[in-house]
J.: 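The following block contains the structure, expressed as structure tokens.
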Amino acid sequence: FDANTPFPGVHALVPTVGTVLIILFGTRSTWVGRLLSIPFMVTVGLVSYSAYLWHQPLFAFARIRLLNEPGAAVYLALSALAIVLAYLSWRYVEAPFRNRRNFSRPQVFTMAIVASGVLIAVGLAGHVAGGFQGRLSEGATAMLAYREDRGELRDFCDAGVGDYQVPAERCTVGADTDPTIAIVGDSHARELAWFLGEAAATEGLSAKVLVYSSCPPIRGVRRIDLAQDNCPRNNDDVFAYLRDSDDISHVVLAARWTLYLETDRFDNGEGGVEHGDPFFVAPIDVPIPAVNRALVRRTLPDLIVQSIEELLAADKTVIVVYPVPEVGWNVPEYLARAEMYGEARDAGLSTSYARFKERNELALATLDSLGERDGLIRVRPHEIFCDSAISGRCLAQDGGLPLYFDDDHLNSVGAEPVVERILEHVTP
């Protein structure tokens, strides 16, 4: 297994079935059973649950306190500390509490109830106090507020959230007119849609919002991590709707193209590492066990091109929004921590343009391969944010303001110049 193995899924059967076999057959009559019975292995087993409990807060607080993802040396040191703490807690907490000569069952339950009550009280106090926001500086609070600077379509205008809706019943944004624009894609399209609607309203235009989170606007693909996946159905319904909608003349396609093609999460090479499992979408006719990164990179480019060509053949003007530069850091949270710890950057937060080009090589080549076509328009966010204000860098912050509400979605500040370029091509 490596970072490019789809997981969870059928591959998870390997470790789980292997564990079952060890439990069933790891008896003293087998060499595996004898190995697991030696004193060292037994000691590891005794402290393993305590080590599991200890490592989580140690790792979590390290990630909170450090601006960058902790390196291997930090994790190894924390792992060693977790084992030491695990032994101490097993020796002086777990073992004494298991000894009936030290504590009776009523005493154990009484102490457990008291401890639980204290933890519940602290948790409720933190919830009511909004996480004790007073502990943060004014600047950090201002930066964290940008986590909520997003479009207002997330909960009610996304076919990937809640009940599935057919395209005709989905939202329209902008002026109170019949839509002549459709914005199609995943959550990247959804975030642009709200701001595009606001801008289009000033021009007397409106747009149909045909978005589905974590679903690329590519015909013939599915997510392999979901048993029930409406992504293929959504794309079939949306493309059919667009073919039959004579009023819609412009289709804006926006998606996190790079993640679908690369499958792995973004590492900016400067300590900013996006958390999350690899993300796999694959052709519908490929069996899940056969899916891997090489297959995705081999098959998806042609399907992307075919999908765009299908819209062009339907006599639509297609505006393809190229990949938004990924950041690796959650921008508002990074800037808030930097503010609190006095580690803010004078030039603002940015990432390597060279890293962007390396990461997006296949995505850019795929979209460029369409060549110049009648009705095909390209909007390239990297031309706005990269190698512009700072040579060789891609902006994540401009004029002191974050451009993202997380690590890859533009907020209102970042979306504005992208929407302006889109609107240039749809206004009469």
J.: Hey, are the side chains of Thr317 and Ser249 touching, using non-hydrogen atoms and a 4.5 Å cut-off?
T.: no
J.: Using 30° and 60° as the class boundaries, would you call the ring planes of His55 and Tyr52 parallel, tilted or perpendicular?
T.: tilted
J.: Do Asp315 side-chain atoms and Gly375 backbone N/O form a donor-acceptor pair below 3.5 Å?
T.: no
J.: Which atom pair, heavy atoms only, marks the closest approach of Val221 to Leu300?
T.: CG1-CD1, 4.0 Å
J.: Could you check whether any side-chain N or O of Thr263 sits under 3.5 Å from a backbone N or O of Phe280, counting only pairs where one atom can act as donor and the other as acceptor?
T.: no
J.: Going by heavy atoms in the side chains, are Arg256 and Phe279 under 4.5 Å from each other?
T.: no
J.: Any luck finding a side-chain donor-acceptor pair between Asp387 and His382 under 3.5 Å?
T.: no
J.: Decide yes or no for Leu311 and Leu242: does some side-chain heavy atom of the first lie under 4.5 Å from some side-chain heavy atom of the second?
T.: yes
J.: Looking only at the side chains, is there a donor atom on one of Asn360 and Tyr322 sitting less than 3.5 Å from an acceptor on the other?
T.: no
J.: With a 4.5 Å limit on heavy-atom distance, are the side chains of Leu303 and Arg219 in contact?
T.: no
J.: Do Thr258 and Arg359 meet the criterion of a side-chain donor-acceptor pair at a distance under 3.5 Å?
T.: no
J.: Would you please test Asp398 and Val413 for side-chain contact (heavy atoms from CB on, under 4.5 Å) and show each step?
T.: CA-CA 9 Å; Asp398 190 23; Val413 182; 5.7 Å; no
J.: Taking atom CD as the centre, does Glu309 end up with more than 12 heavy-atom neighbours from other residues, nucleotides or ligands that are less than 6.0 angstrom away?
T.: yes
J.: Determine, step by step, whether Glu372 and Arg378 satisfy the salt bridge (charged side-chain N to carboxylate O under 4.0 Å, His left out) criterion, reporting the C-alpha distance in whole Å, the side-chain angles of both residues, the deciding distance to 0.1 Å, and the verdict.
T.: CA-CA 10 Å; Glu372 298 303 319; Arg378 295 175 169 90; 3.6 Å; yes
J.: Passes side-chain contact (heavy atoms from CB on, under 4.5 Å), Ile384 versus Arg421? Steps please.
T.: CA-CA 10 Å; Ile384 301 171; Arg421 294 204 178 184; 3.5 Å; yes
J.: Show the nearest heavy-atom pair for residues Leu364 and Pro323, with the distance to one decimal.
T.: CD2-CD, 4.0 Å
J.: Is it true that atom CG of Asp178 has more than 12 heavy atoms of other residues, nucleotides or ligands lying nearer than 6.0 Å?
T.: no
J.: So, Glu326 and Tyr404: side-chain donor and acceptor under 3.5 Å apart, yes or no?
T.: no
J.: State whether the side chain of Arg337 and the backbone N or O of Arg65 hold a donor-acceptor pair below 3.5 Å, judged by distance alone.
T.: no
J.: Keeping Arg293 on the side-chain end and Glu262 on the backbone end, is there a donor-acceptor pair under 3.5 Å?
T.: yes
J.: Please check if the number of heavy atoms outside Phe40 that lie under 6.0 Å from its CZ is greater than 12.
T.: no
J.: Got Arg355 and Glu270 here, is their nearest side-chain heavy-atom distance under 4.5 Å?
T.: no
J.: Could you measure the distance from the CG atom of Asp407 to the CD atom of Glu333? Nearest 0.5 Å is fine.
T.: 9.5 Å
J.: CG/Leu259 to CG/Leu261 distance, rounded to the nearest 0.5 angstrom?
T.: 9.0 Å
J.: Might you confirm whether atom CG of Asp374 has over 12 heavy atoms from other residues, nucleotides or ligands at distances under 6.0 Å?
T.: no
J.: To the nearest 0.5 Å, what is the distance between CG (Leu53) and CG (Leu85)?
T.: 11.5 Å
J.: Show the numbers, then the answer: is there a side-chain contact (heavy atoms from CB on, under 4.5 Å) between Leu196 and Leu423?
T.: CA-CA 8 Å; Leu196 178 62; Leu423 208 59; 4.0 Å; yes
J.: Using 0.5 Å steps for rounding, measure from the CG atom of Leu210 to the SG atom of Cys171.
T.: 10.0 Å
J.: Can you tell me if CD on Glu138 sees more than 12 non-hydrogen neighbours from other groups inside 6.0 Å?
T.: no
J.: Under the 3.5 angstrom rule, does the side chain of Asn234 hit a backbone N or O of Asn230 as a donor-acceptor pair?
T.: no
J.: Would a distance-only check, ignoring hydrogens and angles, find a side-chain to backbone donor-acceptor pair under 3.5 Å from His250 to His425?
T.: yes
J.: Of all heavy-atom pairs between Leu410 and Ala415, which one has the smallest distance, and what is that distance?
T.: CB-N, 3.8 Å
J.: Is it the case that atom OH in Tyr49 sees more than 12 heavy atoms from other parts of the structure closer than 6.0 Å?
T.: no
J.: More than 12 foreign heavy atoms under 6.0 Å from NE2 of His275: is that the case here?
T.: yes
J.: How close do Ala125 and Phe132 get, heavy atom to heavy atom, and via which atoms?
T.: C-CZ, 3.8 Å
J.: What I'd like to find out is whether the side chain of Met143 reaches to under 4.5 Å of the side chain of Pro402, using heavy atoms alone.
T.: yes
J.: Closest heavy-atom contact between Tyr353 and Cys386?
T.: CD1-CB, 3.4 Å
J.: With rounding to the nearest 0.5 Å, note down the distance linking NZ in Lys208 to CG in Asp247.
T.: 11.5 Å
J.: Mind telling me whether Tyr87 and Trp90 have parallel, tilted or perpendicular rings, with 30° and 60° as the class edges?
T.: tilted
J.: Report the distance from atom CG of Asn330 to atom CG of Asp408, rounding to the nearest 0.5 Å.
T.: 9.5 Å
J.: Between the side chains of Asp237 and Tyr212, does any donor sit under 3.5 Å from an acceptor?
T.: no
J.: State, to 0.1 Å, how close Val173 and Gly197 come at their nearest heavy-atom pair, and which atoms those are.
T.: CG2-CA, 3.6 Å
J.: Taking side-chain contact (heavy atoms from CB on, under 4.5 Å) as the criterion, tell me which of Asp267, Asn268, Val273 meets it with Glu69.
T.: Val273
J.: Does the pair Ile304 and Tyr260 meet the rule for a side-chain contact (heavy atoms from CB on, under 4.5 Å), with working shown?
T.: CA-CA 11 Å; Ile304 292 172; Tyr260 303 125; over 6 Å; no
J.: Keeping the roles fixed (side chain from Arg135, backbone from Gly131), state whether a donor-acceptor pair exists under 3.5 Å.
T.: yes
J.: Please identify each residue that fulfils ring pair (Phe, Tyr, Trp, His ring centres under 6.0 Å) with Tyr334, with sequence neighbours left out.
T.: Trp329
J.: I'd like to know if the side chain of Arg190 and the backbone of Ser213 have a donor-acceptor N/O pair within less than 3.5 Å.
T.: no
J.: Are Asn292 and Leu295 close enough that some pair of their side-chain heavy atoms sits under 4.5 Å apart?
T.: yes
J.: Can you tell if the side chain of Leu136 reaches within under 4.5 Å of the side chain of Met340, non-hydrogen atoms only?
T.: yes
J.: Does any donor atom in the side chain of Ser89 or Trp54 lie under 3.5 Å from an acceptor atom in the other side chain?
T.: yes
